S.K.: 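Before I ask anything, let me first share the structure, which is written out below as structure tokens.
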Amino acid sequence: MAIVLGKPGVDGLSEAVGVLREWQYDGAPMQLHPGDLGWFWRSGAEATAGAVRTWSRDGQVLAVGLLDGPGLLRLTIAPDAQRGEELAQRLVEDVAEPERGVLPEGKANIEAPMGALVQDLLFEDGWNAGEPWTPLRRDLTEPVKDPGVRIEVVGPEQAHVFAAVHRAAFDGSRFTDERWHAMAAGLPYADARCLVAYDDQGNAVAAVTVWSAGPGRPGLLEPMGVHREHRRHGYGEAVTVAAAAALQELGSSSAIVCAPSSNVGAVATYKSAGFRQCPEVRDRYRDAQRLASSITSGAG
């Protein structure tokens with residue numbers, strides 16, 4: 001049977017989320033997580049469906065991609081298909097041809113599991129290694145300590161508090177309480193929690209969202225941020241510890257997160273919260289100039 005590229009639509013998102021849950025396991029390479037779709041859901045179900053691509057054979061999904069911004073494809077592959085030649089070749093062909101509806105012309109980035117054959121084929125096709133990212137992982141088989149600050153689970157009535165902390169933590173953030181409600185209505189949020197940390201004066205100082213992939217599977221932190229007016233007081237560490245505890249309550253076997261290696265402060269915060277640094281990973285990127293030159297030479 002041929003491999004089919006598809007756009008699942010809103011009705012097909014449950015299948016995409018379901019296979020992403022199944023593909024998470026301890027020791028897996030850093031990869032697309034159902035929580036990544038959950039966080040994207042802040043733009044609504046229609047937008048999320050429009051950003052998802054699947055590759056299937058005979059009705060079985062073999063790969064899922066999320067177009068997480070202009071020219072960025074976050075891709076993961078079923079564990080038993082990561083070295084499959086036919087799938088890897090089809091993926092490379094689909095990202096190279098804009099008319100197939102995966103990536104546009106010009107500069108583009110692909111995030112894919114390290115060790116998957118598609119990484120090798122992209123390299124052979126002229127895709128370069130991008131900036132390094134640092135995955136971190138915390139085992140949740142042991143009890144998690146008290147974070148030492150007041151932590152509240154965000155419900156609909158506190159959505160504006162979470163949104164305000166997020167905007168104050170991330171430059172350029174346009175997160176609103178409406179976006180929180182859209183995210184909370186998404187399928188992945190059924191196994192997720194938003195947490196806010198407060199200081200002794202009752203100020204909301206840090207926030208995090210955690211996403212479970214189901215009992216016995218790794219859960220994801222995405223995103224975590226500290227209010228810019230309350231940094232360097234240990235609140236990042238505290239809310240990260242609280243995140244680990246929340247995932248443990250949800251049945252997760254471990255907690256995972258990934259930060260740009262250049263963001264040494266974030267990496268240090270996660271390590272101070274009991275996360276172990278794992279080997280760096282890199283995206284693959286394609287230069288707009290390289291693509292333009294190849295088109296020109298082909299026309300000649």
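These numbers were taken from a predicted model, which means no experiment stands behind them. Only this structure's heavy atoms are used, side chains among them; waters, hydrogens and symmetry mates stay out.
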S.K.: Keeping the roles fixed (side chain from N203, backbone from V205), state whether a donor-acceptor pair exists under 3.5 Å.
M.R.: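 The answer is no, because no donor-acceptor pair under 3.5 Å joins these two groups.
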S.K.: Kindly indicate whether the side chain of S252, heavy atoms from C-beta on, has any atom under 4.5 Å from the side chain of P218.
M.R.: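 SC-SC contact between S252 and P218 ruled out.
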S.K.: Is there a path of hydrophobic side-chain contacts, each under 4.5 Å between heavy atoms, that joins W133 and Y270?
M.R.: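 In one cluster with W133: Y270, no.
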S.K.: Is there a side chain to side chain contact (heavy atoms under 4.5 Å, CB included) between L121 and E93 once you walk through the steps?
M.R.: CA-CA 10 Å; L121 297 189; E93 292 172 359; over 6 Å; no
S.K.: Mind checking whether W39 and H166 have parallel, tilted or perpendicular rings, split at 30° and 60°?
M.R.: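 Rings of W39 and H166: tilted, as their planes differ by 30° to 60°.
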S.K.: Do L32 and V52 share a hydrophobic cluster, counting only Ile, Leu, Val, Met, Phe, Trp and Tyr and linking them when any side-chain heavy atoms are less than 4.5 Å apart?
M.R.: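 Same cluster: L32 reaches V52 through Ile, Leu, Val, Met, Phe, Trp or Tyr contacts under 4.5 Å.
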S.K.: Take L220 and L247, measure what side chain to side chain contact (heavy atoms under 4.5 Å, CB included) needs, and give me the verdict at the end.
M.R.: CA-CA 8 Å; L220 176 72; L247 284 173; over 6 Å; no
S.K.: Check whether any side-chain heavy atom of T240 lies under 4.5 Å from a side-chain heavy atom of R138, and answer yes or no.
M.R.: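 A side-chain contact is absent here, since even the closest heavy-atom pair is not under 4.5 Å.
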S.K.: R150: what forms a salt bridge (charged side-chain N to carboxylate O under 4.0 Å, His left out) with it, not counting sequence neighbours?
M.R.: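 R150 satisfies salt bridge (charged side-chain N to carboxylate O under 4.0 Å, His left out) with E152 once adjacent residues are dropped.
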S.K.: Roughly how far apart are L122 CG and N128 CG, rounded to 0.5 Å?
M.R.: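 L122 atom CG to N128 atom CG measures 11.0 Å (nearest 0.5 Å).
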S.K.: If you measure from the Lys or Arg side-chain nitrogens to the Asp or Glu carboxylate oxygens, is any gap between E249 and R193 under 4.0 Å?
M.R.: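 No, no charged N to carboxylate O under 4.0 Å.
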S.K.: Closer than 4.0 angstrom, basic N to acidic O: yes or no for D191 and R21?
M.R.: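 So D191 pairs with R21 through a salt bridge.
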S.K.: Can you find a pair of side-chain heavy atoms, one from R284 and one from Q119, that are under 4.5 Å apart?
M.R.: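 Yes, close enough: below the 4.5 Å cut-off.
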S.K.: Is it the case that the side chain of R53 and the backbone of G50 share a donor-acceptor pair, with hydrogens and angles ignored and the cut-off at 3.5 Å?
M.R.: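 Yes: the side chain of R53 pairs with the backbone of G50.
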S.K.: Is the shortest side-chain heavy-atom distance between E131 and R282 below 4.5 Å?
M.R.: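 In short, these two side chains do not touch, never coming nearer than 4.5 Å.
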S.K.: When you group the ILVMFWY residues by side-chain heavy-atom contacts below 4.5 Å and let the links chain together, are L195 and V154 in the same group?
M.R.: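 No, V154 does not connect to L195 through the hydrophobic network.
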S.K.: Treating R231 as the side-chain partner and A169 as the backbone partner, does any N or O pair qualify as donor plus acceptor under 3.5 Å?
M.R.: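 Looks like yes, one N/O pair under 3.5 Å.
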S.K.: Just by distance, do the side chain of R286 and the backbone of W127 share a donor-acceptor pair under 3.5 Å?
M.R.: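 Here the side-chain-to-backbone pair does not exist.
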S.K.: Main chain of G59, side chain of S56: is a donor-acceptor contact present, judged purely on distance under 3.5 Å?
M.R.: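 Flag not set: sc S56 to bb G59 has no pair under 3.5 Å.
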S.K.: State, yes or no, whether a side-chain contact exists between W55 and I77 at a heavy-atom distance under 4.5 Å.
M.R.: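 Not touching, per the 4.5 Å side-chain cut-off.
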S.K.: List the atom of W23, the atom of V61, and the distance in Å for their closest heavy-atom pair.
M.R.: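 Nearest heavy atoms, W23 then V61: CZ2-O, 3.5 Å.
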S.K.: Are any non-hydrogen side-chain atoms of V95 and L75 less than 4.5 angstrom apart?
M.R.: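 The answer is no; the side chains never approach within 4.5 Å.
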S.K.: Are the side chains of V257 and M224 in touch, meaning some heavy atoms are under 4.5 Å apart?
M.R.: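 Not in contact.
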S.K.: May I ask you to decide whether R137 forms a salt bridge with D26, counting only side-chain N to carboxylate O separations under 4.0 Å?
M.R.: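 The answer is yes: the pair qualifies as a salt bridge.
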S.K.: Going through the checks in order, is the side chain to side chain contact (heavy atoms under 4.5 Å, CB included) test met by E111 and M30?
M.R.: CA-CA 10 Å; E111 171 193 298; M30 199 70 195; over 6 Å; no
S.K.: Quick one: CZ on R179 to CZ on R42, what's the gap to the nearest 0.5 Å?
M.R.: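 If I round to the nearest 0.5 Å, the distance is 6.0 Å.
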S.K.: More than 12 non-hydrogen atoms from neighbouring residues, nucleotides or ligands closer than 6.0 Å to CD on E280, yes or no?
M.R.: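 Enclosed: over 12 neighbouring heavy atoms sit under 6.0 Å from CD of E280.
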S.K.: Has the side chain of D94 got a donor or acceptor atom that lies under 3.5 Å from a matching backbone atom of L91?
M.R.: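 Pair absent, no side-chain N/O of D94 close to backbone of L91.
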S.K.: Could you check whether any side-chain heavy atom of Q248 comes within less than 4.5 Å of a side-chain heavy atom of V210, counting everything from C-beta outward?
M.R.: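 Contact flag for Q248/V210 side chains = no.
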S.K.: Give, for atom NZ of K7 and atom OG1 of T54, the distance between the pair rounded to the nearest 0.5 Å.
M.R.: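 So the gap between those two atoms works out to 11.0 Å.
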S.K.: Linking I/L/V/M/F/W/Y whenever their side-chain heavy atoms sit closer than 4.5 Å, directly or via other members, would L72 and V281 fall into one cluster?
M.R.: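 Looking at the clustering, V281 is in a separate group from L72.
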S.K.: Take atom CZ in F123; do more than 12 heavy atoms of anything else shown fall under 6.0 Å from it?
M.R.: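 At most 12 heavy atoms, drawn from other residues, nucleotides or ligands, come within 6.0 Å of this atom.
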S.K.: Under 4.5 Å between side-chain heavy atoms, counting indirect links through other Ile/Leu/Val/Met/Phe/Trp/Tyr residues: same cluster for I110 and V102 or not?
M.R.: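 Both belong to a single hydrophobic cluster.
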S.K.: Test: salt bridge (Lys or Arg N to Asp or Glu O under 4.0 Å). Region: residues 206-230. Which pairs qualify, not counting sequence neighbours?
M.R.: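 Found D171-R228.
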S.K.: Stepwise, does the side chain to side chain contact (heavy atoms under 4.5 Å, CB included) test hold for T209 with F162?
M.R.: CA-CA 10 Å; T209 306; F162 180 91; 3.2 Å; yes
S.K.: I need the full list of salt bridge (Lys or Arg N to Asp or Glu O under 4.0 Å) pairs touching residues 264-273, with sequence neighbours left out, sorted by first then second residue.
M.R.: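 Applying salt bridge (Lys or Arg N to Asp or Glu O under 4.0 Å) to every pair that reaches into residues 264-273, excluding sequence neighbours, yields nothing.
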